[in-house]
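First the structure, in the form of structure tokens, and then the observations on it.
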Amino acid sequence: MPIATPEQYAEMIDRAKVGSFAYPAINITSSQTVTAAIQGFAEAESDGIIQVSVGGAEYASGSTVKDRVRGSLALAAYATEVAKGYGVTIALHTDHCVKKNLDSWVRPLLEIEAEQVKNGGLPTFQSHMYDGSDVPLEENLSIAAELLSFSQAARTILEIEVGVVGGEEDGHEAEINEKLYTTPEDGLRTVEVLGSGEKGRYLTALTFGNVHGVYKPGAVKLRPAILKEIQDVVGGKLGKDKPFDLVFHGGSGSTAEEISAAVDFGVIKMNIDTDTQYAFTRPVVGHMFTQYDGVLKVDGEVGNKKAYDPRAWGKLAEAGMAARVVEACQQLRSAGHKM
């Protein structure tokens, strides 16, 4: 199936872990960005993940409506139909749901999906992220434990964050300080509360200096060795190699070496938003500048319909974003890996 079943999603994660590669997780906000992301995965011959943030979901429902549940379902429905034409397996994910948004977004989606499963169907999304980085660790894990139980009923996977990603994303801000680095003690406490799979599968975003936003290469001070240290400490206690299925947040501005090291240490999913936003928009800017006398009715002229037809610049935007997805697949080593 073009959209992963729960079993296929688990297999995707397992294959990435064993094969030492990671899937790009591309944020989408519209039908065009959905198409562009899936096109990029197909061109790279890679399975992949597309994800929607709370702001993206609100925008997709209608920018004057802002219904985050309806927008999420709309994007998922579009992706479910369009993915049938591309020959790769796509997982659907909701991204960065902070505590204050749980009751108006992820919990309703989990309720819908639990009902779908109860009626013999498949859940709309394959995973949901709860971002508890803005509350104390014990509260974070307590809420995560509750959501993990709900996730099992909905046959979805929960993603959590242990630590803090700096910068700003979708209205959620965090300072850039020592809290950006998760500790081995945090990792041990996580498995004490959530288990190591027996209570339900979850993905873990351990932070190692990650920052959301726009940065030049080298500007973000990442310490991927922290991931190895936590995996080794927790793995030693559990008798298991690389016990965490890791997620890399805030990757813009990271060097190729930092990304490669993170994947070596167990990262199986890397979020990409800032870079693909730019890759989508940049070709549109070029089109508008070079075709200005066609897209505008200058000096009383009528312009050129072929230039201002949204499909003209839309195709360029989609191709630009797809190319950046291909680049991400190559960098994360998922290119050529499809079920």
Side-chain angles (χ1 to χ4, degrees), residues 13 16-17 19-27 37 40-41 43-44 46 48-51 53 95-96 129 131 133 159 161-169 173-184 186-187 203-232 242 244-282 320-337:
I13 295 169
K17 195 84 167 282
S20 291
F21 65 89
Y23 298 103
I26 308 300
N27 278 65
F41 286 123
E43 291 175 0
S46 169
I49 301 167
I50 60 175
Q51 58 189 25
S53 67
D95 187 36
H96 280 287
M129 184 201 175
D131 181 354
S133 63
E159 180 183 325
E161 186 168 313
V162 180
V164 178
V165 175
E168 186 275 336
E169 182 175 51
E173 287 193 52
E175 293 182 10
I176 300 175
N177 54 34
E178 72 282 352
K179 293 182 181 179
L180 302 185
Y181 302 96
T182 310
T183 66
D186 296 335
L203 310 179
T204 311
L206 300 176
T207 58
F208 52 104
N210 319 57
V211 180
H212 288 132
V214 185
Y215 298 89
K216 293 181 180 179
V220 179
K221 306 302 181 185
L222 294 179
R223 293 163 53 192
I226 287 176
L227 301 179
K228 183 179 188 305
E229 180 184 8
I230 296 172
Q231 292 275 45
D232 288 348
K242 297 179 184 175
F244 288 115
D245 298 325
L246 297 180
V247 179
F248 187 158
H249 290 180
S252 297
S254 304
T255 66
E257 292 76 17
E258 289 167 336
I259 293 172
S260 181
V263 174
D264 287 340
F265 300 148
V267 165
I268 53 85
K269 172 180 180 279
M270 177 173 164
N271 293 3
I272 302 174
D273 186 18
T274 303
D275 288 352
T276 46
Q277 286 179 346
Y278 183 78
F280 183 87
T281 302
R282 179 62 183 85
M321 182 171 166
R324 183 61 184 86
V325 173
V326 171
E327 181 184 336
C329 291
Q330 293 169 341
Q331 194 170 46
L332 292 170
R333 312 173 198 158
S334 72
H337 290 281

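Please read all numbers here as calculations on a predicted model, not as lab measurements.
For the pair R324 and A279, the tightest heavy-atom approach, listed with the atom from each and the gap, is CB-CB, 3.6 Å. Considering all non-hydrogen atoms of both residues, V267 and K269 come closest at CG1-O, 3.5 Å. Among all heavy-atom pairs drawn from F41 and V325, the shortest one is N-CG1, 3.8 Å. Closest non-hydrogen pair, R223 versus Y181, comes out as CD-CE2, 3.4 Å. Taking every heavy atom of both residues into account, F21 and V263 meet most closely at CA-CG1, 3.7 Å. Across all their heavy atoms, N27 and M321 have their closest contact at O-CE, 4.1 Å.
I272 CD1 to I26 CD1: the interatomic distance, rounded to the nearest 0.5 Å, is 4.5 Å. One distance of note links CD of E161 with CE of M129; it measures 4.5 Å at 0.5 Å rounding. For the atom pair CG of D245 and CD1 of I13, the computed distance is 6.0 Å after rounding to the nearest 0.5 Å. How far CG of L227 is from OG1 of T204: 11.0 Å, rounded to the nearest 0.5 Å. Within the model, atoms OG of S53 and CG of D273 stand 7.0 Å from one another, a figure rounded to the nearest 0.5 Å.
In the model, S260 has no side-chain atom that pairs as donor or acceptor with a side-chain atom of E257 under 3.5 Å. Side chain to side chain, H96 and E159 fail the donor-acceptor criterion of an N or O pair below 3.5 Å.
One N or O on the side chain of E258 and one on the backbone of T255 form a donor-acceptor pair closer than 3.5 Å. Between the R333 side chain and the S20 main chain, a donor and an acceptor come within less than 3.5 Å of each other. Side-chain atoms of Q231 come within 3.5 Å of backbone atoms of F265 as a donor-acceptor pair (strictly under, hydrogens ignored). Not one N or O on the side chain of S334 forms a donor-acceptor pair closer than 3.5 Å with the backbone of Y23. Proximity of a side-chain donor or acceptor of T281 to a complementary backbone N or O of Y278 within less than 3.5 Å is not detected.
In this view, K242 satisfies the salt bridge (charged side-chain N to carboxylate O under 4.0 Å, His left out) rule with no residue, not counting sequence neighbours. Remark: D186 pairs with no residue by the salt bridge (charged side-chain N to carboxylate O under 4.0 Å, His left out) rule, at least two apart or across chains.
When N271, V247, I49 are each tested for a side-chain contact (heavy atoms from CB on, under 4.5 Å) with D95, only one passes: N271.
Here the side chains of T182 and F208 are not in contact, with every heavy-atom distance at 4.5 Å or above. A 4.5 Å side-chain heavy-atom check between I259 and M270 finds at least one atom pair inside the cut-off. The side-chain heavy atoms of I230 and L246, taken from C-beta on, include no pair separated by under 4.5 Å.
The environment of NZ in K228 is sparse: at most 12 heavy-atom neighbours from other residues, nucleotides or ligands sit within 6.0 Å.
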Evaluation steps, side-chain hydrogen bond (donor to acceptor under 3.5 Å, both in side chains), between T274 and Q277: CA-CA 5 Å; T274 303; Q277 286 179 346; 5.0 Å; no
